[in-house]
Amino acid sequence: MWITLNICLYLSFNCISAASIIRSGTCQLQGRFKLNGMYQDGDVILGGLFEVHFFTVFPELSFRTEPEPPYCEKFDMESFQQAQTMVFAIKEINKNPNLLPNITLGYHLYDNCVMLGMAFRAAITLISGTEDSFSNLNCTGPPPVIGIVGDPGSTPSIAISSVLGLFRVPTVSHYATCSCLSDRKKYPSFFRTIPSDAFQVQAMVQILRHFGWTWVGFLYSDDDYGIYASVSFQQEIQQFGSCVAFSEILPDDNNPKDIQRIMGVIQASTARVVVVFSTSSYLMNLMDEVVLQNLTGRQWIASEAWATSPVFHSPRFLPFLGGTLGIAIRRGEIQTLKDFLLRLCPSNDPRNNMLRIFWENMFRCSFETGGKKTDGEQVKKVCTGQEDLNTTDTSYTDVSGLRAAYNVYKAVYALAHALNDLMQCDEGRGPFGGNSCANIINLKPWQLVHYLQQVNFTTGFGDHVSFDKNGDALAIYDVLNWQPNSDGSIRVQTVGVVNEGAATGKVLTLDEDALYWNFQMKKPPHSVCSESCPPGTRQAMRKGLPVCCFDCLPCGDGEISNTTDAFECTMCPDEFWSNPDKDRCVPKEVEFLSYEEPLGISLTTASLLGTWFCALVMVIFAHHRNTPIVRANNSELSFLLLLSLKLCFLCVLLFIGQPQFWTCQLRHAVFGISFVLCVSSILVKTMVVIAVFKSSQPEGKGAMKWFGAAQQRCTVLVLTALQVVICAVWLSTASPTPHKNNEYLRSKIVYECAIGSVAGFSMLLGYIGLLAAVSFMLAFLARNLPDHFNEAKFITFSMLIFCAVWIAFIPAYVSSPGKYAVAVEIFAILASSFGLLVAIFAPKCYIIILHPERNTKKAIMGREAQNR
């Protein structure tokens, strides 16, 4: 800020001095800085600031005499090439009839000597103009310069833009990368054709992401360049999901202890990729130590500050730095630039003294007259101005890697296109107040800023040039790969591009076949803290470690993860379940008692076998229907009982197979009616036995007339009708329906028949139980009747089996899951049915088939007499 204050004070002093001589009608320039520059007049002037010398030498400031101006030393050929590229671009534009027709661009370029003070002197000279006096106090005509290309350094750009931004003078830097310059409030008229460091960090992260390197080390220089980059890198890499294994500052004093400590950190870390954001000077001692300790097996990622530095390209670095990937400013090609550079000639114009300085440094001669000039022990020849640049081989004539110079070229064209758009404005349709247009005769710098913000064009090399709202150009970087040369040194090969504005949407483009990997497998290294979690697992973070360090835990039952490195497992929908690999949801297995499974086959076989036994007994009874043992106790009831038992066996088939609406309705209804028919027949049979016994007694001779065949049939019918009514009410109010039950087993869907109404089902079973209890009680009371009257013993035994089975059924049914509940119910039906069939009819069939001699009235009556 003190620098800005000094400049403001200086400008104020000039204004005061100018005001003091207004009465004379002429403004007089109070002084002139001694600067190295190049000048060409034109209708409109563009300014330029370049680092043509490396150092500034300040004379002793005693203030007893007028201070001598500072001077510059150590000429930089590459930076002079950049300055000449600006001259070339301006001349190319002047020849182009489609760009700025009828307008001739001029230029005024200065050397800042890599010194903030010199850069300020040059900037003030540009905006003040070159005329010694100025009599047009109305200030009409264009300003001394309409825009400035430069400064290449971030620090001078910050300071200069802070002052020139007050007057909205547009500056377009070709090399200032500090992300702080994107602040539009502080630097409203600053633009640049080089991406900011924030974009460079993003480009590096794109490379890390492309190769899956999530565990990286980070080294950065102890200056604004490295510190700003460190902050951006930490933020960007966290968004990507990667982690920094270690972060170390490269010391500015190259302290050996610090270098050793950093080497220890690199060697101890499991990270195989090291990102370095630094200049070559900070990195040199560390790389010497890398060679000394033979540190191999690391993939280096270089920032643009050292990615093209030739200091690391010697053969001794190849085993350690070979395969390095770097980010570099976009290389461009400028047609006929080399021819222009080689046609350069020195000038005697003092305003073009930079040309003379260049000539003297290029050919090691001097334009000083009076013979030869000595420089210490070196003797310089006199420059003739006719020396041939074609015989030289320096960075000035090398146009194979135009990077900074290409940015200068784009900066000049950006200003030219902005001015061209300004000139093509139609009056009444302009962007300014009252739809007015800018006037070239009275052009204001802020008016050009408006058009510069909207610049949009494509260079001859095919690169798109435009500025975002912060004045930053679209980020375009070359991706470099350090490859072995034939002489054992390192050569830098362009292998890809990082283009933020790529039309395809693909920011990073790499030619992976052209990459050289300095590893035994000749493949990219693997640099992760933890291996990726495959589908079917999820990440579980390790306590106290970065997010890249985790364990892989399998998903639980019913959960899946179908992506790599999933943070959480996802629950499957209700009717789906996880497959064994836990990477996809599959439809749940639908479980029901099927005819195809062994259990279903066994129960079906038992059902059919019971039906067949019933049919067989019916055939036997029908064949021997006139025999005493069949006719005893009403043979009609025996046939009705066999029919009901057959229905009991057959109703089992309704319980097997996939539940359907009609089977769900019929299964319990048929089961309930069949068993009531069966039990009511047994009940009537028992009552008949008792009635026959009582009628044989003197006191009960009239008992049978009240319980004849008609009354027996009517009793069975009425008892069965009551069950029919219960079933009808149940089915009409809360009918059983097929239901997919997820509660028994989470991994399966149990397809069952929902009973609909618990009360209805309970009444159905309760009614059967009531009849069975009454039958059992009557049969138990009649168990001691004489044999020839007594079928009650067998009925008692059968009903004992029946009741035992159904009492055991209730807890077994409630505790059985899924299809096994159905199997328990079927088993109860079959067991009780077989119990009734065997207990009641087996003894009779035994006599009929095996002992027919006992199937006579005499035999039965004889047994009675014997008993007496």
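Judged by distance alone, the side chain of Gln200 and the main-chain N or O of Glu304 form a donor-acceptor pair under 3.5 Å. With hydrogens and angles ignored, the 3.5 Å screen pairs no side-chain donor or acceptor of Arg121 with any backbone N or O of Leu35. A donor-acceptor distance shorter than 3.5 angstrom exists from the side chain of Asn407 to the backbone of His174, with no hydrogens or angles considered. Under a 3.5 Å cut-off, the side chain of Thr509 and the backbone N or O of Gly496 do not form any donor-acceptor pair. Distance alone, capped at 3.5 Å, places no donor-acceptor pair between the Thr104 side chain and the Asp43 backbone. Remark: the backbone N or O of Thr125 is not paired with any side-chain donor or acceptor of Ser128 at under 3.5 angstrom. At least one donor-acceptor pair closer than 3.5 Å links the side chain of Asn94 to the backbone N or O of Leu105. For Ser189 (side chain) and Val169 (main-chain N/O), a donor-acceptor pair under 3.5 Å exists by modelled atom type. Here the side chain of Thr85 pairs no donor or acceptor atom with the backbone of Val408 at under 3.5 angstrom. Between the side chain of Ser221 and the backbone N or O of Leu250 there is no donor-acceptor pair closer than 3.5 Å.
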Verify side-chain contact (heavy atoms from CB on, under 4.5 Å) between Val311 and Trp306, making sure each step is shown before the conclusion. CA-CA 9 Å; Val311 72; Trp306 68 282; over 6 Å; no

Please lay out, stage by stage, how Cys72 and Met118 fare under the test side-chain contact (heavy atoms from CB on, under 4.5 Å). CA-CA 9 Å; Cys72 305; Met118 296 296 289; 3.9 Å; yes

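Ring geometry, Phe277 versus Phe218: the interplanar angle falls from 30° to 60°, so the pair is classed tilted. Using cut-offs of 30° and 60° for the angle between ring planes, the Trp446 and Phe432 rings count as perpendicular.
The side chain to side chain contact (heavy atoms under 4.5 Å, CB included) check on Val399 picks up Gln81, Leu337, Lys338, Leu341, Leu402, with sequence neighbours excluded. Partners of Tyr175 under the ring-ring contact (aromatic ring centres under 6.0 Å, His included) rule, at least two apart in sequence or in another chain, do not exist in this structure. Applying the side chain to side chain contact (heavy atoms under 4.5 Å, CB included) criterion to Ala198, with sequence neighbours excluded, gives Ser179, Ser196. For Asp76, there are no salt bridge (Lys or Arg N to Asp or Glu O under 4.0 Å) partners, not counting sequence neighbours. Lys186 pairs by the side chain to side chain contact (heavy atoms under 4.5 Å, CB included) definition with Asp183, not counting sequence neighbours. Residues satisfying the salt bridge (Lys or Arg N to Asp or Glu O under 4.0 Å) criterion with Arg331, sequence neighbours excluded, are Glu333. Residues meeting the salt bridge (Lys or Arg N to Asp or Glu O under 4.0 Å) test with Asp478, sequence neighbours left out: Arg330, Arg403. For Tyr110, the ring-ring contact (aromatic ring centres under 6.0 Å, His included) criterion is met by His108, not counting sequence neighbours. Taking Trp213 as the reference, Phe211 meet the ring-ring contact (aromatic ring centres under 6.0 Å, His included) condition, with sequence neighbours excluded. Take Phe567 and apply the ring-ring contact (aromatic ring centres under 6.0 Å, His included) test, not counting sequence neighbours, and it matches no residue. Applying the side chain to side chain contact (heavy atoms under 4.5 Å, CB included) rule to Val205 yields the partners Val201, Phe233, Glu236, Phe240; only residues at least two apart in sequence or on another chain are considered. Every residue two or more places apart in sequence or in another chain was checked for a salt bridge (Lys or Arg N to Asp or Glu O under 4.0 Å) with Arg209, and none qualifies.
Of the inter-residue distances, the one linking Ile93 atom CD1 with Asn98 atom CG reads 12.5 Å to the nearest 0.5 angstrom. Separating the CD1 atom in Ile237 from the OG atom in Ser242 is a distance of 4.5 Å, to the nearest 0.5 Å. For the atom pair OG of Ser395 and CD of Gln82, the computed distance is 9.5 Å after rounding to the nearest 0.5 Å.
Aromatic rings from Tyr396 and Phe358 are positioned such that their centres are separated by under 6.0 Å.
Among Leu515, Thr494, Asp511, Leu510, the single residue meeting the side-chain contact (heavy atoms from CB on, under 4.5 Å) criterion with Val479 is Leu510.
Remark: Cys243 SG to Cys548 SG, distance under 2.5 Å.
Of all heavy-atom pairs spanning Leu448 and Leu419, the tightest one is CD1-N, 3.7 Å.
One side chain, Glu92 or Tyr413, offers a donor N or O that lies under 3.5 Å from an acceptor on the other.
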